[in-house]
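Notes for the one structure printed next.
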Amino acid sequence: MGSVPVGAAADQPEPLNRMAVQPGVVGTERIGPQWERVTVRSASMNRTVAVDVLHGSGQGPRPVLYLLDGVDAERVSDWLTKGGAAQFFADKPVDVVLPSGGTGSMYSDWERPDANLGWNRWETFLTGELPGVVEPYLQSDGRRAIAGVSMGAQGAMMLAHRHPGFYTAVAGLSGCYSTVDSTGNATIALTVGSRGGNVANLWGPPGTSEWQAHDSLVGAEALRGTVIHLAAATGIPNTVDLVTLAQSPDLAAALETAGGGVALEAGARLCTENFGRRLDELKIPYTVSYQPAGMHAWEDFSAELGPAWQTISAAFGQRR
């Protein structure tokens with residue numbers, strides 16, 4: 001497969017013959033010493049899906065961490081282009097799998113194709129197709145965890161509660177976890193709509209049974225026995241945020257974006273506190289990292305990767 005520069009414009013995914021396709025690896029590309037791009041056939045989405053793999057340190061076999069992107073979910077995960085994941089995991093004994101191309105999808109199975117966001121069957125792909133392809137390819141030891149940020153945080157928690165026991169651990173960074181309360185409902189509508197999608201194509205009209213079935217507060221009991229890590233800040237800019245703003249070449253645009261980052265992180269904090277209270281009610285243990293300052297921005301997300309990994313690696317029984 002020819003090399004494609006990281007950060008290049010997104011290619012159209014390769015369409016497949018739905019009747020003939022079986023999930024499998026169809027191509028690989030070496031990006032760096034530990035970074036490989038793996039192209040996987042998806043029967044459920046009738047196309048190929050690119051995933052980036054960060055190979056772990058030390059002798060294998062190793063566990064796998066599935067790391068989900070936020071709403072943009074571009075051709076290359078923002079965890080790699082903005083979040084410093086390649087550098088962070090370079091010396092960690094885990095293989096990290098980063099799917100790409102799930103823009104505005106909530107990492108869920110949609111009821112109908114969307115005119116702008118296409119045909120999304122991410123739950124089926126991430127739980128029923130990708131592990132059976134990528135874990136044998138990596139010669140994994142069978143342990144797996146899932147984590148995500150923002151939209152990916154909600155997606156990770158949904159997948160964990162809808163597939164009890166499938167993941168050893170789950171981490172949600174700056175996410176919302178309800179789909180039926182007013183905050184969660186609005187967050188999903190904003191997430192899907194911000195990328196041109198029609199939220200009614202997701203799980204049907206809001207308030208119907210599929211919306212409730214994807215609510216991690218409603219389904220929290222299914223998380224019992226899964227190691228849980230949560231994180232959120234307050235939306236108040238910290239020093240790193242202010243320095244980043246000051247260094248922006250377009251200060252007006254940066255300030256406008258920062259305003260959204262303040263509101264989104266304040267909402268994520270409210271959502272995380274609500275989810276924590278629900279876990280407390282059920283006496284389900286969890287670890288939480290609340291920061292006194294920080295916006296909904298990659299400088300702050302990347303800072304939470306270390307604490308999340310501490311929780312996940314402990315669940316794997318590894319040295320941190």
Side-chain angles (χ1 to χ4, degrees), residues 44-45 68-73 99 102-128 146 148-164 166-167 170-224 226 228 230 232 235 260 263-282 284 286 296:
S44 64
M45 291 196 281
L68 303 185
D69 204 353
V71 65
D72 288 330
T103 305
S105 68
M106 302 303 301
Y107 295 106
S108 187
D109 284 359
W110 287 44
E111 288 197 352
R112 290 181 295 275
D114 188 83
N116 289 318
L117 300 182
W119 180 234
N120 290 293
R121 304 293 289 178
W122 284 95
E123 179 173 355
T124 296
F125 177 71
L126 290 169
T127 61
I146 189 166
V149 65
S150 191
M151 180 187 81
Q154 185 162 12
M157 203 64 64
M158 278 194 288
L159 294 175
H161 99 247
R162 287 171 59 81
H163 299 269
F166 191 69
Y167 303 103
V170 57
L173 312 181
S174 297
C176 274
Y177 306 102
S178 176
T179 60
V180 296
D181 70 21
S182 56
T183 302
N185 200 290
T187 298
I188 293 170
L190 286 169
T191 298
V192 173
S194 70
R195 298 306 181 267
N198 181 348
V199 74
N201 292 328
L202 174 57
W203 303 313
T208 54
S209 60
E210 279 301 299
W211 283 75
Q212 181 163 329
H214 289 81
D215 189 306
S216 291
L217 276 75
V218 174
E221 179 59 42
L223 291 166
R224 192 177 300 278
T226 302
I228 302 168
L230 303 172
L264 287 171
E265 193 61 24
R269 178 63 170 257
L270 175 64
C271 291
T272 302
E273 289 174 348
N274 287 342
F275 188 44
R277 282 192 288 271
R278 175 60 174 155
L279 295 174
D280 288 336
E281 289 174 2
L282 296 173
I284 294 175
Y286 62 99
H296 209 72

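Since we're looking at a predicted model, the values are computed, not measured.
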Test of understanding: with side-chain hydrogen bond (donor to acceptor under 3.5 Å, both in side chains), list the residues that count as partners of Thr124, not counting sequence neighbours. Asp109
CD/Glu111 to CG/Asn201 distance, rounded to the nearest 0.5 angstrom? 9.0 Å
Just do the side chain to side chain contact (heavy atoms under 4.5 Å, CB included) check on Arg278 and Glu281 with the steps written out, would you? CA-CA 5 Å; Arg278 175 60 174 155; Glu281 289 174 2; 3.3 Å; yes
Run the side chain to side chain contact (heavy atoms under 4.5 Å, CB included) check on Leu202 and Ser108 step by step: do they pass? CA-CA 8 Å; Leu202 174 57; Ser108 187; 4.1 Å; yes
Quick one: does Trp122's side chain get under 4.5 Å of Leu159's, heavy atoms only? no
Pair His214, Gln154: side-chain N/O donor-acceptor within cut-off below 3.5 Å: no
To the nearest 0.5 Å, how far apart are CG in Leu270 and SG in Cys176? 7.0 Å
Closest non-hydrogen atoms of Gly184 and Asp181, given as atom of the first, atom of the second and distance, are N-OD1, 2.6 Å
From Ile284 CD1 over to Phe275 CZ, what is the distance, rounded to the nearest 0.5 angstrom? 7.5 Å
Could you tell me the separation between the OG1 atom of Thr226 and the OH atom of Tyr286, rounded to the nearest 0.5 Å? 15.5 Å
Could you work out, with side-chain hydrogen bond (donor to acceptor under 3.5 Å, both in side chains) as the rule, every residue matching Gln212, not counting sequence neighbours? none
What I'd like to find out is whether the side chain of Met157 reaches to under 4.5 Å of the side chain of Leu223, using heavy atoms alone. yes
Taking every heavy atom of Ser174 against every heavy atom of Ala232, the minimum-distance pair comes out as OG-CA, 4.2 Å
Take Leu279 and Tyr177 through the side chain to side chain contact (heavy atoms under 4.5 Å, CB included) test and state the conclusion after the steps. CA-CA 12 Å; Leu279 295 174; Tyr177 306 102; over 6 Å; no
At what distance, to the nearest 0.5 angstrom, does CG of Leu282 lie from CD of Glu221? 5.5 Å
Quick check for you: to the nearest 0.5 Å, what is the distance between Glu265 atom CD and Ser150 atom OG? 8.5 Å
If I compare all heavy atoms of Ile188 with all of Ser178, which pair ends up nearest, and what's the gap? CD1-O, 4.4 Å
Is the shortest side-chain heavy-atom distance between Leu68 and Pro99 below 4.5 Å? yes
Parallel, tilted or perpendicular: which fits the ring planes of Trp203 and Trp211, with parallel below 30° and perpendicular above 60°? perpendicular
Please determine whether salt bridge (Lys or Arg N to Asp or Glu O under 4.0 Å) holds for the pair Arg269 and Glu273, giving the CA-CA distance in whole Å, both sets of side-chain angles, and the decisive distance to 0.1 Å. CA-CA 6 Å; Arg269 178 63 170 257; Glu273 289 174 348; 3.0 Å; yes
Passes side chain to side chain contact (heavy atoms under 4.5 Å, CB included), Glu123 versus His163? Steps please. CA-CA 10 Å; Glu123 179 173 355; His163 299 269; 2.7 Å; yes
Selection residues 183-200 - residue pairs positive for side chain to side chain donor-acceptor pair (under 3.5 Å), sequence neighbours left out: Asp72-Arg195
If I compare all heavy atoms of Ala153 with all of Gly175, which pair ends up nearest, and what's the gap? CB-CA, 3.7 Å
Does Thr103 reach the main-chain N or O of Ala73 with its side chain, forming a donor-acceptor pair under 3.5 Å? yes
Which heavy-atom pair separates Ala156 from Ala171 by the least distance, and what is that distance? CB-O, 4.2 Å
Quick check: does any side chain N or O of Asp215 sit under 3.5 Å from a backbone N or O of Thr179, one acting as donor and the other as acceptor? yes
Okay, side chain of Asn120, backbone of Ser105: is any donor-acceptor separation there less than 3.5 Å? no
Any Tyr107 side-chain heavy atom under 4.5 Å of Asp69 side chain: yes
For the pair Trp110 (side chain) and Gly118 (backbone), establish whether a donor and an acceptor sit closer than 3.5 Å, ignoring hydrogens and angles. no
Please find the pair of heavy atoms, one from His161 and one from Ser216, that lie closest to each other, and give the distance. ND1-OG, 2.9 Å
